[in-house]
Amino acid sequence: MSYHTDTNEGAEYLLMGNDAIVRGALEAGVSVASAYPGTPSSEIIENLAKASADRNLYVEWSVNEKVALEVSFAASIAGLRAICAMKQNGVNVASDFLLHVALSGTRGGLVLVHCEDPGALSSINEGESRHFAKMNEVPLLEPGDFQEAKDMTKWAFDLSEELRSIVMMRSVTRLSHASGNVKIGRLPVPKTRAFFSYSGPMLDPETGPVLTMPVPPHHALLQEKIRKAAEIFEDSPFNTYTGPARPELMIITCSACSLYCREAVHLLGAEKRTGILKLGTTWPLPPKLIRKYLSSTDTILFAEEVLPFMEENVKVLASEMASDIGIKKFYGKNDGTIPMINELNPDILVEAIKKILSIDYTAVDPAYAAKAKSFVSSMAPVRDLTFCPGCPHRASFWNIHNALAMDARSGFVCGDIGCYTLGFLPCGFNTMKTSHSMGSGIGIACGFGKLTRFGMDQPILAVCGDSTFFHAAIPALVNAIHTKSDVIFVLLDNSGTAMTGFQPHPGTSFDAMGNGVIQIDPAAICRSMGATVEFADPFDIEATQDSLLRLLEEKGARVLIMRQMCALSPEKKGKKKYDVSVDQAICVGENCGCDRLCTRIFRCPGLVWDFERGAAKIDDVICAGCGVCASICPSGAIKKTEASG
Amino acid sequence: MKKVALLKDPYNLIITGVGGQGNVMASRMLGNALACKGFYITIGETFGVSQRGGSVMSHLRISKKSAWSPQIPSGQADVIVALEPTEAIRVIASYGNPDVTVLSNTRPIYPVGVIAGELKYPGIDEIRAALGGLAGTVMFINATEEAIRLGQPILGNVIMMGAVAGTGLIPFDTDDFCAVMSESMSGDKLASNIEAFERGKTLVRAPKSE
């Protein structure tokens, strides 16, 4: 039985945080779900898509987060419940629309789940999107464990309908991608009829047109919703306290950090001295509840990730209440007790609490720790991130790197987010020199391309993936073509959103639910805008480098589509195209004039160095059989033959 | 629910390896098997970069009482299962203690820095000595070699999980493995997984493995 469809109320599953969110949405009777993939949020839509047939859902991977929110919003104002998921920086993309949704209000429950990545475990930022809730005057919830992730998701829809406001719910990697026991609840019959009522009075929230104008009355209404939310939050079961009535130290925490706090207090044996106030409703804060707990002690520690969001908001309330509750001693991020970067963990909390309460505790014997650390530095070689064996990006960057080296005008590559971001590392031959938000490679390149009048004559390339192309690269490419910017736009087309698990995008022929959809051709889009478009197979080293060298001689906006399927693509089914081997009789090792080009420079994990024989060799367990290395060995020692079967 | 005891509560197990070795699958399988037996299980894992050559780690907390932090505190691991031997060293340095039990696969996966000749990869005897000086018990298992012998190198993780069962340290055995695996596979595939699991069990029962 799958947790998506199990109607056995009270059954228990070991669920990832994201699965718990999925179950919560299903228990709320959600009808529409939309998202753009991004770690650690992607499993939400993937799993709702699995339930789509059984539960009569419409589930889509949208072209970007802003459109995803627009799609979910439409369902809401047609009276259905909808969920929209994204990673932290997705909220930045959706934020313009979010501002207006807050102001216009919603009808059917609308929940925006943003899964954030403190510590940037799989991101190129550790952005905090909780501030968008405060900035746009939207209620914010943060589940503290797996059961809450489910229960709170379900409640978020009720809250949204009660307030007629979108509700934001924030998860983090250590909840979304962690797993714990979850008891499931009842599955309702979802609404099946959508209808948009718009003929009522202008300001009628249920029957009028849905606008933000006139702005001041809408804004007043929005602020009334936030006041009401604060009242509701006073009694929320998601704000919990564990500890003595008058603790020496009160820890105010939220999200996964509440688990770290509990663990730290347990390790220190400080249960009788410490209270943990875990807030599930972090914006707006419920003032009476805060007053009650601030009154119970004089010493407060804040534990949250990443910025001091809750800390600063509690301090505002504390200063308003100071004449009643007295002056408090606060520990947290602003005084440096807790770091303001990176994710937290139980050890950070142990250090903070033991310092504040003067507890003597040593986690690990220092002599043991020192010995272990010395073994790591001498015996556990660092595992730099690298492209997978058989990854087309290694070949693409090899071609770009070599073409730019031959061109010799200090050319460079602007990139953005995707597996190909690793192009800035040795595995991409350090070819990528800028990397920012989705689609920004071509935008930045477009700007560089207009600097010729200031004497800039370096060739400029931009790369982006096929999913990113649709997400945010098109407007920048329009700009580049329109302004006759001198750039080469390289589309690294590996046939899917590879980094996050092969979600479909507008260039693929199927949707999230597996249905056929209209496939949009990036080449046709580029041509229709007036760009010349060429194709190359990055595994064909010679032809690709020839194309690049020719394009480097030309002016204006040029498009090169490098097309080769991701090595991990489900379509490849793990089959090798070539059997690759090294003829160690031909490989002359260190004596070859190539300076071990194959292993020192090309660095594919499947092509290793045989230290005993002083020659290259293929690791058959790891090699993906792309055969590219056979083209780079100057001695012709690497052989490839078509794989049998 | 069967009555089963834990040696410690929470009991902390770390499975480590390199992206693509089946780390996440192993932790979920074990977690599901134990959750079915009535334990609270918390699994923390880092897999955003798992397919891109990085070190991967799953933290598994087993408890009769509650969920725990998805990150194990420093020095609190009870068992470390390493699908790659140098990863055992990396993990024991952060989470080890003199009583920890280490089960390590013997087959190296070279980091690109080693392939490039910039970094040195230690010999298995050096790794053995280092782990021996830090852990209570160390068992080396030729999991990948055994899996190749079974015709499927990818089953190295299942052999390692069989080895975990063989130690008897946690309430987890072939029946539990079969129950979880049969939910997602059947026929020959299930049979080869069970064969690999059983092989893993025998490898720790043999005197000090290998």
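Just so we're on the same page: letters track the sequence lines, and every chain starts at 1.
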[X] side chain to [Y] backbone, donor-acceptor under 3.5 Å:
X: B:K8; Y: B:D78; result: no
X: A:T253; Y: A:A303; result: yes
X: B:Y40; Y: A:G180; result: no
X: A:D619; Y: A:P605; result: no
X: A:S255; Y: A:C257; result: no
X: A:K354; Y: A:Y361; result: yes
X: B:R199; Y: B:A143; result: no

Out of [options], return the one with the most heavy atom pairs under 4.5 angstrom to chain B.
options: A:V364, A:V608, A:L14; result: A:L14
options: A:R174, A:R600, A:K373; result: A:R174
options: A:A372, A:A178, A:S179; result: A:S179
options: A:L349, A:D117, A:N345; result: A:N345

Salt-bridge contact B:E146-B:R107 (side-chain N to carboxylate O under 4.0 Å):
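Not counted as a salt bridge, because no side-chain N and carboxylate O are separated by less than 4.0 Å.
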Any carboxylate oxygen within less than 4.0 angstrom of a Lys/Arg side-chain nitrogen, looking at A:E612 and A:K617?
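No.
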Pick whichever of [options] has the most heavy-atom pairs under 4.5 Å with chain A.
options: B:A35, B:G75, B:P70; value: B:P70
options: B:I72, B:L131, B:L34, B:N97; value: B:N97
options: B:V112, B:I154, B:I127, B:T144; value: B:V112
options: B:G117, B:P85, B:A67, B:S69; value: B:S69

Side chain, backbone, both or neither: which part of [X] has a non-hydrogen atom closer than 4.5 Å to chain B?
X: A:F611; result: side chain
X: A:D620; result: neither
X: A:L175; result: neither
X: A:D145; result: neither
X: A:L344; result: backbone
X: A:C391; result: neither
X: A:F146; result: side chain
X: A:R596; result: side chain
X: A:I601; result: neither
X: A:Q147; result: neither

[X] versus chain A, the contacting section by heavy-atom distance below 4.5 Å:
X: B:I148; result: side chain
X: B:P98; result: both
X: B:I43; result: both
X: B:P73; result: both
X: B:Q21; result: neither
X: B:E183; result: neither

Go through it in stages, so that I can follow the logic: the residues are B:N12 and B:Y95, the test is side-chain hydrogen bond (donor to acceptor under 3.5 Å, both in side chains), and I'd like the CA-CA distance, side-chain angles, deciding distance and then a yes or no.
CA-CA 10 Å; B:N12 301 325; B:Y95 302 97; over 6 Å; no
Is there a donor-acceptor contact under 3.5 Å linking the side chains of A:R262 and B:S66?
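B:S66 and A:R262 do have a side-chain donor-acceptor pair below 3.5 Å.
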Do B:E45 and B:S27 meet the criterion of a side-chain donor-acceptor pair at a distance under 3.5 Å?
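Looking only at side-chain atoms, B:S27 and B:E45 do form a donor-acceptor pair, the distance falling under 3.5 Å.
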Quick check on the 6.0 Å ring-centre criterion: do A:F397 and A:F429 meet it?
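No, they do not, as the ring centres are separated by 6.0 Å or more.
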Show your reasoning for whether side-chain contact (heavy atoms from CB on, under 4.5 Å) applies to B:I115 and A:L607.
CA-CA 8 Å; B:I115 293 173; A:L607 176 59; 5.9 Å; no
